[in-house]
A.B. asks: 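Dropping a structure here in structure tokens format, bear with me for questions.
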Amino acid sequence: MAPEVSPRRARAVLVALSLAAFAFITTELLPVGLLTHIAPDLDRSRSQVGLLVSGYAVVVVLASVPLARLTQRIPRRHLLGGTMLLFAAANATAALAPTYTVLAGSRLATALAQALFWSVATATVTGPFPVAVRGRVVALFATGATLAPVLGVPLGTWLGQHAGWRAAFAALAGVGLAVAAAVLVFLPSYPPAAGGASRGTAPDGRRFILLLVATALGIGGFMTLQTYVTPFLLDVSGFADAVLAPLLFAAGAAGVVGTLAAARTLDTWPTASLLTPLSIGTASLFGLYALGALRPGAVALLAGIGLAYAAFGSAVQSRMLQLAPGSTDIASAGVSTAFNAGIAGGSLLGGALLPTSGPRPLALVGGLLTLVALTLLAVDSRGGRTVGSEPTVARRGKPDPCAAAVTHSPR
């Protein structure tokens, strides 16, 4: 049985791991912002530097489940502390990389650390909190990842432009060291099976597999357009190059709003929290296909996609904690695999369609994929009710997850 965790200590772990999520997503996407600086310095083409992002996602897809299985018995304090030390070391290596090969190797190490982090972090961060508020905790934890494209990548790009691209990776190495220290200080050490969120609260293998399929399809639909949203905004909507950054910032800010909004519904309406963002995202994608040439409409619909994408990601993680048929670490690794498969699949599909059909049909194809995901989840929700498919918290009040942390025995 795990030791009790004080509210202050639980909050500290939540903040530390949210910052870790922020750092991981920033690191994953940072080469996109620094592409024109890394390529000439290492004497490589821009497409080769772009592989540092796509290859990263492939490693996460392939490594998540095997790493989760290999580390099932390691106390999370040691595992996450070591993972963040690896993150720091890999980014320090990137900052000092003399060649493209060394930089690619450092990215491989960081991707392995990220695969392991996302496999265990959700259950670790939610375990000390009561079941009734874990959905809200998931959303607060996900805020770090949501803020990464909005703040992390722009800040890293700015630092790289003014102090050299290596400085951006050095700064991330410092963040990794700080998080590792916080994890080792605040996270108790106990067997993973004793954690309060080590097993699903309403295990259902069939519904969990369906959740994975819907996640891959839904994320794939979003990414079919989002990967190539810049040419869509330029060629279809007719925006000037100078306003792209504010537009993308607005979409990212809408994602933060979506994550915070999900925090209010995940515990009481878990199924609706999945269906609503998919509905908004599907309508926004179809709307962009039909009305993308109208600039005010395009801005609103782009924000709708950003909001839906972030809220859906939080809802999937929360639902995983309910439906996981076994270890939530293995289930979380499965979700990470499905998520990154959707990212890679959507990007590849959009890239295959773009040269022949242009950017506008990408919104239609993306909307069709999210519609399929929405239909699967909607039909499943009508097929039968289980614990967690309807409201799970009586409406007597909304407990504050940051004021009621306790450790539960394994279920």
Side-chain angles (χ1 to χ4, degrees), residues 139 142-143 145-150 214-239 243-266 269 271-316 339 342-343 345-347 349-351 353-354 357-378 381:
T143 302
T146 308
L147 284 171
V150 183
T215 298
L217 287 170
I219 297 301
F222 284 118
M223 293 307 297
T224 298
L225 174 71
Q226 283 187 294
T227 308
Y228 305 97
V229 69
T230 296
F232 186 98
L233 294 173
L234 292 174
D235 300 343
V236 179
S237 303
F239 285 106
V243 301
L244 287 180
L247 287 173
L248 296 178
F249 178 83
V256 177
V257 172
T259 301
L260 296 177
R264 303 179 65 86
T265 64
L266 288 174
W269 297 99
T271 302
S273 296
L274 281 169
L275 300 180
T276 300
L278 272 180
S279 300
I280 294 172
T282 300
S284 298
L285 286 164
F286 285 150
L288 268 182
Y289 174 71
L291 305 172
L294 302 176
R295 293 181 189 177
V299 173
L301 293 166
L302 183 66
I305 292 171
L307 182 150
Y309 181 87
F312 179 64
S314 296
V316 168
F339 206 96
I343 291 173
S347 299
L349 178 58
L353 294 173
L354 186 64
S357 60
R360 184 174 181 179
L362 301 186
L364 175 62
V365 174
L368 291 172
L369 287 173
T370 58
L371 179 61
V372 173
L374 174 62
T375 302
L376 287 175
L377 291 174
S381 70

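For the numbers below, each heavy atom of this structure counts, side chains included, while hydrogens, waters and symmetry mates do not.
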A.B. asks: Heavy atoms only: give me the nearest A139-A262 pair and the separation to one decimal.
C.D. replies: CB-C, 4.5 Å
A.B. asks: Got a donor-acceptor contact below 3.5 angstrom from the S237 side chain to the G292 backbone?
C.D. replies: yes
A.B. asks: Could you check whether any side-chain N or O of Y309 sits under 3.5 Å from a backbone N or O of G252, counting only pairs where one atom can act as donor and the other as acceptor?
C.D. replies: no
A.B. asks: Could you go step by step and tell me if F222 and I305 meet the side chain to side chain contact (heavy atoms under 4.5 Å, CB included) rule?
C.D. replies: CA-CA 8 Å; F222 284 118; I305 292 171; 3.9 Å; yes
A.B. asks: At what distance, to the nearest 0.5 angstrom, does OG1 of T224 lie from CG of L362?
C.D. replies: 7.5 Å
A.B. asks: For the residue pair R360 and F232, would you count it as a cation-pi contact if the rule is NZ or CZ under 6.0 angstrom from the ring centre and within 45 degrees of the ring axis?
C.D. replies: no
A.B. asks: Taking all heavy atoms of P359 and all of P231, pick out the closest pair and write down the distance.
C.D. replies: CG-O, 3.8 Å
A.B. asks: How many angstroms lie between CD in Q226 and CG in L302, if you round to the nearest 0.5 Å?
C.D. replies: 8.0 Å
A.B. asks: Measuring only between side-chain heavy atoms, which start at C-beta, is F239 closer than 4.5 Å to V299?
C.D. replies: yes
A.B. asks: Where the side chain of T282 meets the backbone of S279, is there a donor-acceptor pair that is under 3.5 Å apart?
C.D. replies: no
A.B. asks: So do the side chains of F312 and I219 get within less than 4.5 Å of each other, counting heavy atoms only?
C.D. replies: yes
A.B. asks: Nearest 0.5 angstrom please: L374 CG to I280 CD1, how far?
C.D. replies: 11.0 Å
A.B. asks: Measure the spacing between CG of L369 and CG of L217 and express it to the nearest 0.5 Å.
C.D. replies: 6.5 Å
A.B. asks: Closer than 3.5 angstrom, by distance alone: can the side chain of S273 be matched with the main-chain N or O of T265 as a donor-acceptor pair?
C.D. replies: yes
A.B. asks: Tell me which one of T375, L225, L285 satisfies side-chain contact (heavy atoms from CB on, under 4.5 Å) with T370.
C.D. replies: L285
A.B. asks: Do V243 and L233 touch side chain to side chain, with heavy atoms closer than 4.5 Å?
C.D. replies: no
A.B. asks: Within the 4.5 Å heavy-atom criterion, are L307 and P277 side-chain neighbours or not?
C.D. replies: no
A.B. asks: We want to know whether T271 and S381 form a side-chain donor-acceptor pair, criterion being a heavy-atom distance below 3.5 angstrom.
C.D. replies: no
A.B. asks: Start with the C-alpha distance between F286 and L368, add both sets of side-chain angles, then the distance that settles side chain to side chain contact (heavy atoms under 4.5 Å, CB included), and finish with yes or no.
C.D. replies: CA-CA 8 Å; F286 285 150; L368 291 172; 4.0 Å; yes
A.B. asks: Mind checking the OH-CG spacing from Y228 to L354? Nearest 0.5 Å is all I need.
C.D. replies: 7.0 Å
A.B. asks: Go through the steps for T259 and T146 under the test side chain to side chain donor-acceptor pair (under 3.5 Å), then give the verdict.
C.D. replies: CA-CA 8 Å; T259 301; T146 308; 3.0 Å; yes
